[in-house]
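Worksheet: the structure to be examined is printed underneath.
All values below were derived from every heavy atom in this structure, side-chain atoms included, with hydrogens, water molecules and symmetry-related copies excluded.
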Amino acid sequence: MTAARRSDDHDKSSPNASDDVPEASRTVVRRRRGAALLRAIYLATLEELAETSFEELGFEKIAARAGTAKTTLYRRWSTTEELVLAALSDPATGYRPMDPPDTGSLRSDLMAVLTALSQSIQEPRGRALRPLIGQRSRHPELFEEIFRVLVIPHQRLLLGILRDAADRGEAEPAAVTQRIASVGPRLVVMEAMRRDMVPPAEVTAIVDEVLLPLLAVR
């Protein structure tokens with residue numbers, strides 16, 4: 001991981017945590033605890049990142065959006081890198097490998113996985129990935145960690161789907177490779193980067209015009 005990058009506002013933090021929170025938000029801080037507060041922080045992190053950039057991300061902005069004190073964030077995370085990875089890895093706000101669709105059909109399985117991916121890209125967790133992908137050269141180690149935590153598990157899921165299809169005689173065994181398993185997600189992500197969303201018709205075209213021909217039994 002890159003050297004710890006502390007939020008610029010750390011040295012300015014008030015010794016009184018309530019001073020960091022607007023008056024209207026203090027009742028929220030008193031009432032929200034545990035999982036509810038953690039989810040609010042994670043969601044605020046992803047929304048803030050999606051609207052700005054990683055360089056502009058700071059604990060003060062995240063705390064204000066979450067309706068909590070920035071000292072709450074400093075007690076749990078040392079850097080914004082740690083917080084971003086935690087938010088993206090959390091099952092409620094981020095990504096976790098989905099269960100295999102197991103529809104019994106290669107086409108239906110591919111449609112289920114890529115549709116779920118295309119929908120997630122329009123959510124805060126998906127929109128937050130765009131500045132990280134666009135700024136990969138500035139934060140290569142952070143990008144690699146995100147790749148390890150998020151991308152590799154999804155690639156394994158798709159590879160398993162292809163293997164099952166080959167066992168059923170629906171896919172060419174020689175085509176069951178890591179590279180082909182990654183084609184669908186890459187096309188979905190590229191389409192999202194191009195126009196901010198992936199319509200259902202595009203997902204269908206990726207499956208029918210690209211993936212199924214690649215996997216067809218010879």
Side-chain angles (χ1 to χ4, degrees), residues 35-36 38-39 42-43 45-47 49-50 84-134 136 142-218:
L38 191 62
R39 186 178 187 281
Y42 285 162
L43 190 58
T45 300
L46 298 179
E47 290 175 340
L49 178 56
V84 167
L85 284 172
L88 287 171
S89 302
D90 182 72
T93 60
Y95 286 88
R96 68 176 180 84
M98 65 181 288
D99 295 329
D102 196 22
T103 66
S105 161
L106 173 60
R107 183 181 187 278
S108 296
D109 284 351
L110 292 173
M111 285 293 300
V113 173
L114 296 186
T115 296
L117 177 60
S118 69
Q119 292 172 344
S120 74
I121 286 175
Q122 300 177 58
E123 299 169 359
R125 56 180 175 164
R127 289 185 283 109
L129 291 177
R130 296 175 195 176
L132 296 177
I133 294 173
R136 175 182 178 179
L142 175 61
F143 181 88
E144 288 303 316
E145 184 67 11
I146 290 171
F147 189 89
R148 183 186 68 80
V149 172
L150 303 178
V151 178
I152 291 178
H154 284 81
Q155 287 183 340
R156 289 174 179 162
L157 169 66
L158 283 164
L159 196 58
I161 288 173
L162 301 190
R163 285 173 178 153
D164 290 344
D167 290 342
R168 295 193 303 265
E170 278 193 274
E172 173 63 38
V176 179
T177 67
Q178 188 69 59
R179 190 178 301 279
I180 290 181
S182 68
V183 168
R186 288 181 181 182
L187 290 175
V188 169
V189 171
M190 287 301 296
E191 184 67 17
M193 294 289 287
R194 186 174 73 88
R195 55 178 176 175
D196 292 339
M197 56 92 68
V198 184
E202 186 65 24
V203 175
T204 300
I206 290 172
V207 171
D208 290 343
E209 298 176 19
V210 180
L211 297 182
L212 292 182
L214 280 174
L215 295 163
V217 176
R218 297 174 179 80

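- Heavy atoms only, all atoms of each residue included: E170 and G104 are closest at OE1-O, 3.6 Å.
- From Q119, atom CD reaches atom CE of M197 across 10.5 Å, with rounding to the nearest 0.5 Å.
- Using a 4.5 Å heavy-atom threshold, the side chains of I180 and L159 count as separate.
- In this structure, A216 and E172 approach most closely via the heavy-atom pair O-CB, 3.4 Å.
- Side chains of L49 and T45 form no contact here, defined as non-hydrogen atoms less than 4.5 Å apart.
- With hydrogens and angles ignored, the 3.5 Å screen pairs no side-chain donor or acceptor of E191 with any backbone N or O of V198.
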### Message
Between V84 and L132, does the side chain to side chain contact (heavy atoms under 4.5 Å, CB included) criterion hold? Intermediate values first, please.
### Response
CA-CA 10 Å; V84 167; L132 296 177; 4.1 Å; yes
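- Checked by atom type and distance alone, the side chain of S108 never pairs as donor or acceptor with a backbone atom of S105 at under 3.5 Å.
- Looking at D109 and P100, their side chains never come closer than 4.5 Å, going by heavy atoms from C-beta outward.
- Considering CG of D90 and CG of L38, their distance stands at 6.0 Å, rounded to 0.5 Å.
- With rounding to the nearest 0.5 Å, the separation of CZ in R163 from OG1 in T177 is 10.0 Å.
- Residues G126 and Y95 come closest through the heavy atom pair CA-OH, 3.3 Å.
- Of all heavy-atom pairs spanning P173 and A166, the tightest one is CA-CB, 4.2 Å.
- Ion pairing between D208 and R107 holds under the 4.0 Å rule for side-chain N and carboxylate O.
- Side chain of S89 to backbone of A86: no donor-acceptor contact under 3.5 angstrom is found.
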### Task
Please report the C-alpha distance between L114 and L211 in whole Å, then the side-chain angles of each, then the deciding distance to 0.1 Å, and finally whether the side chain to side chain contact (heavy atoms under 4.5 Å, CB included) criterion is met.
CA-CA 11 Å; L114 296 186; L211 297 182; 3.8 Å; yes
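- Two residues are said to be in side-chain contact when any heavy atoms from C-beta on lie closer than 4.5 Å; P124 and L43 meet this criterion.
- Note that CG of L212 is 6.0 Å distant from CG of L110, once rounded to the nearest 0.5 Å.
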### Task
Please step through side chain to side chain contact (heavy atoms under 4.5 Å, CB included) for the pair L88 and L129, ending with a clear verdict.
CA-CA 9 Å; L88 287 171; L129 291 177; 3.9 Å; yes
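- Residues A171 and L106 approach most closely at CB-CD2, 4.2 Å, considering heavy atoms.
- Here the CG-CD distance, from L162 to Q178, works out to 9.5 Å after rounding to the nearest 0.5 Å.
- Counting heavy atoms from C-beta outward, T204 and M111 have side chains that approach closer than 4.5 Å.
- Panel note: side chain R130, backbone I121; a donor-acceptor pair is recorded below 3.5 Å.
- Of the possible donor and acceptor atoms, none in the side chain of T115 sits under 3.5 Å from a partner among the backbone N and O of A112.
- A heavy-atom distance below 4.5 Å is found between the side chains of M98 and L157.
- Atom CZ of R168 is surrounded by more than 12 heavy atoms from other residues, nucleotides or ligands within 6.0 Å.
- Within the 4.5 Å cutoff, side-chain heavy atoms of L85 are placed close to those of L142.
- Side-chain N or O atoms of T93 include one that pairs as donor or acceptor with a backbone N or O of A87 at under 3.5 Å.
- A heavy-atom distance below 4.5 Å is not found between the side chains of Q155 and P185.
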